K.L.:
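Before I ask anything, here is the structure I am working with.
Keep in mind that the numbers below use all heavy atoms, side chains included, and drop hydrogens, waters and symmetry copies. The residues of the chain are indexed from 1 along the displayed sequence. Quick caveat, the model's predicted, so the values are computed rather than measured.
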Amino acid sequence: LQFVESGGGSVRPGDSLRLSCEASGFTGSLYAVGWFRQAPGKERERVSCINTDSTTYYSDSVKGRFTISRNNAENTVYLQMHSLQPEDTAVYYCAGDRGFPDGSNCRSALYNFDYWGQGTQVTVSD
């Protein structure tokens with residue numbers, strides 16, 4: 001089971017980026033997937049999550065700017081990020097786990113996913 005992130009980069013404030021999380025080794029549609037980020041000196045934060053039924057969750061810090069989506073045919077989950085700000089600078093990770101029928105993988109921001117990608121750096125600066 002493997003997740004691979006891509007799409008990070010260096011952008012200016014106000015720009016957009018789309019991160020991709022490609023899953024392999026299993027049927028992606030059966031897994032809930034979360035996007036997390038960690039900035040230097042800060043704790044890891046869950047920014048978004050998508051359940052197997054495509055119910056989505058967002059942290060207050062990104063709500064209205066980020067959109068999570070999934071393409072089950074491609075076993076890929078995306079994080080579209082708009083209006084990026086310097087405080088969005090971090091290493092972004094995707095993580096997944098087999099989805100629970102009650103959707104609890106995503107309902108709790110503290111849920112600890114089993115499988116993690118290696119991360120992709122997002123840097124927002126002038």
K.L.:
Restricting to ring pair (Phe, Tyr, Trp, His ring centres under 6.0 Å), what partner residues turn up for Y111, sequence neighbours left out?
P.N.:
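By the ring pair (Phe, Tyr, Trp, His ring centres under 6.0 Å) rule, Y111 matches F100, F113.
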
K.L.:
Report yes or no: do Y78 and F66 belong to one cluster of Ile/Leu/Val/Met/Phe/Trp/Tyr joined by side chain heavy-atom distances under 4.5 Å?
P.N.:
no

K.L.:
Would L84 and W35 show up in the same hydrophobic cluster when neighbours are defined by side-chain heavy atoms closer than 4.5 Å?
P.N.:
yes

K.L.:
Please name all residues satisfying side-chain contact (heavy atoms from CB on, under 4.5 Å) with N112, sequence neighbours left out, ordered by chain then number.
P.N.:
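If we apply the side-chain contact (heavy atoms from CB on, under 4.5 Å) test to N112, skipping adjacent residues, the hits are R44, W116.
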
K.L.:
Any salt bridge between R98 and D114, counting N to O under 4.0 Å?
P.N.:
no

K.L.:
Report, one line per pair, each donor and acceptor closer than 3.5 Å where one atom sits in a side chain of residues 11-26; sequence neighbours left out.
P.N.:
residue	atom	partner	partner atom	Å
D15	OD2	R12	N	3.1
S16	OG	H82	ND1	2.7

K.L.:
Using the rule that Ile, Leu, Val, Met, Phe, Trp and Tyr join whenever any side-chain heavy atoms are under 4.5 Å apart, tell me whether I68 and M81 fall into a single cluster.
P.N.:
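Yes.
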
K.L.:
Which residues pass the side-chain contact (heavy atoms from CB on, under 4.5 Å) test with A39, sequence neighbours left out?
P.N.:
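With sequence neighbours excluded, A39 shows a side-chain contact (heavy atoms from CB on, under 4.5 Å) to K42, A90, given in chain and number order.
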
K.L.:
Carefully, step by step, assess S6 and T120 under the rule side-chain contact (heavy atoms from CB on, under 4.5 Å).
P.N.:
CA-CA 6 Å; S6 61; T120 185; 5.8 Å; no

K.L.:
Is there a side-chain contact between T67 and Y58 (heavy atoms, below 4.5 Å)?
P.N.:
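Yes, close enough: below the 4.5 Å cut-off.
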
K.L.:
Could you note down all residue pairs passing salt bridge (charged side-chain N to carboxylate O under 4.0 Å, His left out) where residues 76-89 supplies at least one of them, sequence neighbours left out?
P.N.:
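As it turns out, the salt bridge (charged side-chain N to carboxylate O under 4.0 Å, His left out) pairs with a partner in residues 76-89, which skip direct neighbours, are R37-D88, R65-D88.
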
K.L.:
Donor-acceptor pair, distance only, cut-off 3.5 Å: does the side chain of N51 make one with the backbone of D53?
P.N.:
no

K.L.:
D97 vs V33, test: side-chain contact (heavy atoms from CB on, under 4.5 Å). Steps then yes/no.
P.N.:
CA-CA 7 Å; D97 216 344; V33 177; over 6 Å; no

K.L.:
Can you find a heavy atom in the side chain of Y31 that is under 4.5 Å from one in the side chain of L1?
P.N.:
yes

K.L.:
Taking side-chain contact (heavy atoms from CB on, under 4.5 Å) as the test, write out the residues that go with S54, two or more places apart.
P.N.:
I50, R70

